[in-house]
Amino acid sequence: MTQSDDKKQLDKLLEKQRKGNLKPSDRFEIPPQPIPEQEPHKRKKNISEVALGYTETQARLEAMRCLQCKNVPCVKGCPVRIRIKDFIAAIAEGHYKKALQIIKENSLLPAVCGRVCPQEVQCQLTCTVGKKFKDPTKAVSIGRLERYVADLEQDNIQIPEIAPETGMKVAVIGSGPGGIVAAADTRRAGHDVTVFEAFHKTGGVMVYGIPEFRLPKSIVQKEIDVLKKMGVKIICNFIVGKTRTLDQLMNEEGFDAAYIGVGAGLPRFMSIEGESLIGVYSANEFLTRANLMKAYDFGKGADTPIAKPKIAAVIGGGNVAMDSARTAVRLGAQKVYLIYRRTEKEMPARIEEVHHAKEEGIDFRILQSPKRIIGDENFNVTDIECLKYRLGEPDESGRRRPIPIEGSEFHIEVDTVIMAIGNIANPLIRKTTTGLEFNKWGNIIVDENCKTSIEGVYAGGDIVLGAATVILAMGQGRIAANSINQYLKQKKKQTLRNTK
Amino acid sequence: MLKEPHKIVSKKQLSENVFTAWVRAPLIAEAAKPGQFVIVCLSNEYGERIPLTIAGADPENGTIRLIWQRVGKTTAELADLKAEDKIMNIVGPLGNPTEIKNYGTAVCVGGGIGLAPLLPITRALKKTGNYIISIIGARTKELLILENEFKDISDELNITTDDGSYGQKALVTEPLEEVCQRSNKPDQVFAIGPAVMMKFCCEVTKKYNIPTQVSLNTIMVDGTGMCGGCRIEYDGQPKFVCVDGPEFDGHKVNFELMIKRLNAYKYQEKKAIEQYRNYKCKLEDKIES
Ligand SMILES: Cc1cc2nc3c(=O)[nH]c(=O)nc-3n(C[C@H](O)[C@H](O)[C@H](O)COP(=O)(O)OP(=O)(O)OC[C@H]3O[C@@H](n4cnc5c(N)ncnc54)[C@H](O)[C@@H]3O)c2cc1C
Ligand SMILES: Cc1cc2nc3c(=O)[nH]c(=O)nc-3n(C[C@H](O)[C@H](O)[C@H](O)COP(=O)(O)OP(=O)(O)OC[C@H]3O[C@@H](n4cnc5c(N)ncnc54)[C@H](O)[C@@H]3O)c2cc1C
Ligand code: SF4
Ligand code: SF4
Ligand code: FES
């Protein structure tokens, strides 16, 4: 369909709606609007964003697909309970500012979540339209609509109002999505907020992990700029636990409350032979070199080198694995394998990413896993030896357990291996903070208000949940900020009483 | 507690390729302990993150001392900075501090730029009452640094150069072996320098069963345990130098593998420094003309 056809269809539907005789069957007839994308053969050679975003007509047509269900099943699928039905109605009416306001009641980073939320297992999984077509990818594209209205605002994001200064000091540790939200919400309440970030750039995984072609860094930067304009202090190159400990911040530097949002952090390796060879990377290292330090521009300004893979194998099946594989493609690899122990059905990656990865020519090798990595006399990787797997009974995670098939060894020639099999909690805070309780995996234990075992200290995001998502981290940042605001209100009353 | 820009307070050239500077970094100066390091990054957009040892800390003046050897792009760029210039990013202190205590007789062996990290450790060991035997070496006389500093804090000082242009014509392992053979064997050895030097020092001390700490200088990215790029094989197990080290029992380190990993980017690094030199030449041509 051409653009003018789209426009005609939209006008017809709007006309019907005005007359009050738009029926659900009319809505079902609107085809799911495809998002314009860069062609695979072009985007493989650049790092620019793959999905280009809806046109206005497309956005309104997609919004018209929403049935405006009374019981809003979609909202139950959204971790932060965005009033989805209402913001979509606003888009259908062409009231984009209003739509954004509704979203922002619950989500501070719609331009980010619209792009990276795993919608097909959240809001879009429970959407009635998706149910009707028995396919969550045919549900109303809630995420893309969110992105549409958020992008319209990108150049003049409104600075929220700040309550009168309370004189209370809040430390936010880590500048990932959880930290950004916690900082914004506590600052809005008038507190003096400082964000401490270990890296030289803010944004957490959104900046060093998720690649530019999925989430342009300028979007994250704009959110950080808003924080600055709100008067939040941001201190980079400050590692809590090293530069100063949390105990010191609370007891010597006069912070009244803290939010810990330091993320998961430590890469997992497989403990197999050959993992120390040259050319074996953790996904964290590979993606950090490529994203944070822009190693893809090595020789064109960037100082950080990265091995330019010719044939790469990525081990894993989540978003991190897809990002690594697609980054390897963009660094010029001629062949990229994605090696996963289970089948595509069990892959935790977003469907869209799997689809994009395949379009970009990544060779999916399912039911396989490396047994050892082999190198030459200079310790450079030359091969991986893999085993074939089959699926057994479901395990605790509910997914069918992969079982190695004995004697099924075979070799794949590679020069780069990227381990994307998950992260574990960084022990730095645990080792340097007294009285903070952790579970056996090293995650901080919190209650439903994100309160930790130390008074005035709250936590959220990956350091609490293990590997989570941007929206879950944001949600916890918000819960923690509410708790902090309440706690500080009490504390202030208390000190006023004491000084009387 | 706002961070201030890292201004270079003073800078000096110590030898053809070695430079030292005192840099403002009050938070780090206060927290630093011997054996720890910082990561320096010269630009937010494109900078490479490189680890450098904290060669001295002055909490009262809020400064730390860095000593670096010009080997590639980033260290060359650092060498081109002057007093009053600013270093954009410095993060630290990173790594575990050296275990400083009275061992009895401590041998401190340093080669080349390794003398920089060795200095604060030797100084602290001296303060806690150790008998200090220092063995300091370089390829040639011009490259020997910190001789006076070591003289002040050593009970015995051995100087070696590969070409015999100064001190004893030998590798540091020769006087080390001689010391190990004494009837009153030293109690602890600290060896810091190029990986090959540490490797051979460990081979010597292993023969005499003398515990030996080495400080490893693997390639790093974050310095917080996040990337795994700095990993080594230690006692057959992977260890991260930035969080588990940088000091290790040298007898358990797989040096051969570590040395190869250090060269992983050799070709690309060579290109980067060539480009930087070309750029500088062009710039200077422009200024002259
Ligand atoms: C490659 C990749 C792809 C992903 N893709 C998706 C996706 O598509 N969709 C999705 O929803 N989620 C995705 N995720 C997961 C998501 O990014 C995380 O769940 C989320 O970012 C966690 O947020 P957080 O607030 O816990 O902090 P993080 O984003 O983890 O940030 C923590 C920050 O704290 C800093 N820090 C750590 N320790 C200290 C310290 N001691 N002192 C000071 N600062 C410190 C770190 O440098 C970092 O900047 C992906 C993750 C990765 C790695
Ligand atoms: C904990 C630690 C402490 C260190 N302390 C000091 C110090 O006090 N003074 C000092 O001069 N150097 C120190 N180093 C080494 C220093 O980090 C490197 O010399 C630096 O990263 C080189 O950067 P470049 O961009 O100038 O050179 P690059 O272009 O990156 O490299 C040039 C050449 O130097 C070698 N090289 C690269 N990285 C390292 C490395 N990490 N260690 C050794 N050689 C390397 C490579 O063989 C390469 O070919 C330390 C390293 C570590 C891990
Ligand atoms: S935040 Fe995520 S889950 Fe919630 S509505 Fe938006 S896209 Fe869906
Ligand atoms: S479930 Fe789907 S159709 Fe129903 S209101 Fe939500 S988005 Fe609209
Ligand atoms: S430098 Fe990244 S883990 Fe050590």
Side-chain angles (χ1 to χ4, degrees), chain A residues 194 198-201 208 233 235-239 241-245 248-249 253-254 263-269 271 275-289 292-295 297-308 375 378-380 419 423 426-428 431, chain B residues 1-3 6 25 27-28 30-31 36 38-39 41-50 72-74 77 88-95 219 221-233 237-238 240 243 254 256-261 263-269 271-272 275-276:
Chain A
T194 309
F199 265 127
H200 60 281
K201 267 189 236 170
Y208 69 73
K233 293 171 198 142
I235 304 188
C236 285
N237 299 308
F238 191 114
I239 301 180
K242 284 287 182 187
T243 315
R244 288 292 181 275
T245 61
Q248 284 174 319
L249 290 182
E253 305 287 348
L266 232 54
R268 211 184 331 222
F269 286 93
S271 307
E275 267 185 317
S276 297
L277 293 168
I278 301 171
V280 183
Y281 288 91
S282 74
N284 284 1
E285 182 184 1
F286 190 74
L287 290 170
T288 304
R289 281 179 182 270
L292 188 72
M293 270 91 93
K294 304 200 161 68
D297 276 347
F298 185 78
K300 289 182 251 161
D303 294 341
T304 304
I306 193 162
K308 293 252 157 134
N378 288 319
F379 296 95
N380 287 309
M419 294 290 173
N423 284 319
N426 193 319
L428 190 62
K431 283 187 182 159
Chain B
M1 196 192 18
L2 273 184
K3 275 188 80 138
H6 302 293
L27 292 172
I28 301 172
E30 227 174 278
Q36 291 188 298
V38 291
I39 283 187
C41 176
L42 294 176
S43 102
N44 269 0
E45 199 56 14
Y46 276 146
E48 181 178 21
R49 297 168 58 95
I50 67 158
K73 160 94 198 275
T74 307
E77 235 181 309
M88 195 166 226
N89 303 294
I90 303 182
V91 59
L94 298 166
I219 295 172
V221 179
D222 56 303
T224 63
M226 190 276 279
C227 75
C230 63
R231 67 194 185 281
I232 53 154
E233 211 172 87
Q237 293 296 314
F240 291 3
V243 283
N254 181 343
E256 208 193 340
L257 180 62
M258 179 189 143
I259 290 166
K260 293 280 199 235
R261 279 184 69 90
N263 291 329
Y265 299 105
K266 205 155 207 163
Y267 174 73
Q268 290 161 317
E269 281 154 349
K271 285 220 122 149
Q275 273 184 358
Y276 178 67

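The chains referred to below are lettered A, B, ... by the order of the sequence lines, with proteins before strands, and numbering in each begins at 1.
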Could you tell me whether the side chain of [Y] reaches within less than 4.5 Å of the side chain of [X], counting heavy atoms only?
X        : Y        : result
B:Phe240 : A:Pro267 : yes
B:Val91  : A:His200 : no
B:Leu94  : A:Ile239 : yes

Checklist entry - A:Ser276 side chain to B:Ile232 main-chain N or O, any donor-acceptor pair under 3.5 Å? => result no
Given a strict heavy-atom distance threshold of 4.5 Å, which part of [X] is in contact with chain A: side chain, backbone, both, or neither?
X        : answer
B:Arg231 : side chain
B:Gln237 : neither
B:Pro93  : both
B:Ile219 : side chain

Checklist entry - Using a cut-off of under 4.5 Å for heavy-atom pairs, which of B:Gln36, B:Met226, B:Glu77 has the most such pairs with chain A? => result B:Met226
Checklist outcome for this item: Pair count under 4.5 Å, heavy atoms only, with chain A: among B:Met258, B:Met88, B:Arg261, highest is B:Arg261
Item to check | Residue, of A:Asn423, A:Asn426, A:Asn378, A:Leu277, that accumulates the most heavy atom pairs under 4.5 Å with chain B | outcome: A:Asn378
Measure the [atom1]-[atom2] distance between [X] and [Y] for me, rounded to the nearest 0.5 Å.
X        : Y        : atom1 : atom2 : value
B:Arg49  : A:Arg289 : CZ    : CZ    : 11.5 Å
B:Ile28  : A:Asn237 : CD1   : CG    : 8.0 Å
A:Thr243 : B:Leu27  : OG1   : CG    : 7.0 Å
B:Ile39  : A:Phe199 : CD1   : CZ    : 8.5 Å
A:Leu266 : B:Thr224 : CG    : OG1   : 8.5 Å

Next on the checklist: Report which part of A:Gln248 has an atom under 4.5 Å of a heavy atom belonging to chain B: side chain, backbone, both, or neither.
Outcome noted: neither
Checklist outcome for this item: On a heavy-atom basis, the closest approach of B:Ala31 and A:Lys242 is CB-O, 4.1 Å
